[in-house]
Amino acid sequence: MSSRTIITRQQSGHSVGQRGKQGPIITIDGPAGVGKSTIAKQLASRLGYRYLDTGALYRAVAWKVRASEVDPADHRTVAKLLPETCITLEQSRDGVRVLVDGQDVTGEIRTPEISESASVVSAIPAVRQWLLPIQRQAGASGGVVAEGRDLGTHVFPEADMKFFLEADVDVRAARRRDQLRAAGHVESLAQTEERIKARDLRDQARAVAPLAPAADARLINTSALGVDAIVEQMIAVIATKL
Ligand code: DC
């Protein structure tokens, strides 16, 4: 990603394939709290690749929907907001910053409420359709580790290497609760686990591009493995394949 990637509907309107690709595309998909972000960031840094967090784009849409006081489940009104929305991913020293219509929402999109709304808006076909070329454009030049739910199956079906991470729900809930605590959001483990289960169900059951491993994805269970061990395992697999 360039230092400032401005994403608008106009720029995303043309189709982007893998022409001009300068490096591999590696996808990491999996459910909430499985460790995708930490692992994807570390893998990208080890390989010297860019990191593309596609969940941040759905969260940015959810932020706009809530800021506009629109019901995230109202397909028609949410769809109408999209052409007037500008999402910017900006590379900074502390990582990627997310701007919606020029406003920095990086911290605000990590709340439990936005997680919930992002999952709801992500089931709206118009939202997925609007974000598809944006994601493809962001990854088209290659040399990227992209993480999300449908990257191996829909966004980058031709990716050079695909991983799908899994972990037991109680392990994922504990990890997510710790992340939330670190960001100042306190909720009980039972609450976090309920939210995660509800989100998993919604993400797996939606009609368009549901959460699922690609047929050619390498499955890794992260329940009992540390981040370093998983990244090493991925690098070893990538070395044999690329
Ligand atoms: O990875 P995350 O928790 O930041 O994602 C937030 C929501 O966005 C998630 O519940 C489902 C949706 N999402 C998606 O549908 N497809 C993606 N590629 C990434 C995220």
Side-chain angles (χ1 to χ4, degrees), residues 7 12 25-41 44 51-66 72-73 75 78 82 87 89 95-98 100 105-139 144-157 159 162-167 169 172-173 175-180 183 185 192-214 217 222:
I7 294 169
S12 68
I25 295 178
I26 297 173
T27 59
I28 304 182
D29 290 304
V34 79
K36 289 189 304 291
S37 302
T38 316
I39 291 164
K41 274 184 213 157
Y51 162 60
L52 175 61
D53 172 7
T54 62
L57 298 172
Y58 287 91
R59 287 172 181 272
V61 171
W63 184 91
K64 170 80 179 234
V65 165
R66 289 180 73 98
H75 287 215
V78 170
L82 298 173
I87 303 173
L89 299 181
V96 178
R97 306 207 68 76
V98 182
V100 177
V105 299
T106 312
E108 288 175 45
I109 61 168
R110 299 292 162 192
T111 63
E113 293 72 29
I114 293 287
S115 300
E116 195 74 12
S117 301
S119 176
V120 175
V121 298
S122 74
I124 300 177
V127 171
R128 302 204 74 82
Q129 210 178 341
W130 189 70
L131 287 178
L132 187 61
I134 290 171
Q135 296 169 86
R136 287 190 176 152
Q137 189 169 19
V144 66
V145 177
E147 60 125 323
R149 301 290 189 290
D150 62 337
L151 302 186
T153 50
H154 288 88
V155 181
F156 300 116
K162 301 177 186 177
F163 294 101
F164 190 91
L165 304 183
E166 303 169 303
V169 71
R172 295 192 283 123
R175 283 181 190 154
R176 184 45 56 96
R177 188 216 29 201
D178 292 347
Q179 280 171 354
L180 286 171
H185 306 286
T192 312
E193 191 166 324
E194 279 320 302
R195 278 183 191 272
I196 281 195
K197 280 184 184 161
R199 202 137 77 89
D200 285 355
L201 268 180
R202 205 181 298 120
D203 293 346
Q204 284 161 352
R206 67 175 173 238
V208 186
L211 167 68
T222 70

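None of these values were measured; they are calculated from a predicted model. Ligands are counted one by one from 1 in listed order, and the atoms in each one are counted from 1 as well.
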Inset, instruction - From the options Arg149, Arg110, Lys36, Lys41, select the one residue that forms a salt bridge (charged side-chain N to carboxylate O under 4.0 Å, His left out) with Asp53. - result: Arg110
Inset, instruction - Looking only at protein heavy atoms, identify the closest one to atom 3 (O) of ligand 1 and say how far it is in Å. - result: Arg59 NH2, 3.0 Å
Inset, instruction - Compare Ile109, Val120, Thr54 and give the one whose heavy atom is closest to atom 19 (C) of ligand 1. - result: Thr54
Legend entry - Side-chain (Lys162) to main-chain (Pro157) donor-acceptor, under 3.5 angstrom: yes
Legend entry - Structural part of Glu116 in contact with ligand 1, heavy atom criterion under 4.0 angstrom: neither
Legend entry - Test item: Arg128 side-chain N/O and Ala123 main-chain N/O as donor-acceptor pair under 3.5 Å: no
Legend entry - Donor-acceptor contact below 3.5 Å, side chain Thr222 vs main chain Val34: yes
Inset, instruction - Would you tell me which option among Arg128, Arg110, Lys36 has the nearest heavy-atom contact to atom 16 (N) of ligand 1? - result: Arg128
Inset, instruction - Ignoring hydrogens and angles, tell me if any N or O in the side chain of Ser117 forms a donor-acceptor pair with the backbone of Ile114 under 3.5 Å. - result: no
Inset, instruction - Among all protein heavy atoms, pick the one closest to atom 8 (O) of ligand 1 and tell me residue, atom and distance. - result: Tyr58 CB, 3.4 Å
Legend entry - Contact atoms of ligand 1, heavy-atom distance to Asp203 under 4.0 Å: 9 (C), 10 (O), 11 (C)
Legend entry - Ser122 neighbourhood, listing ligand 1 atoms whose heavy-atom distance to it stays under 4.0 Å: 11 (C), 12 (C), 15 (O)
Legend entry - From Leu131, Asp29, Asp150 - option closest to atom 18 (N) of ligand 1 by heavy atom: Asp150
Legend entry - Protein heavy atom at shortest distance from atom 10 (O) of ligand 1: Arg199 NH1, 2.8 Å
Legend entry - atom 17 (C) of ligand 1 - nearest protein heavy atom and its distance: Arg149 N, 3.4 Å
Legend entry - Exam field: side chain Arg206 to backbone Ala209, donor-acceptor pair closer than 3.5 Å: yes
Legend entry - Option among Ile134, Val105, Leu82, Val61 that satisfies the side chain to side chain contact (heavy atoms under 4.5 Å, CB included) test with Ile87: Val61
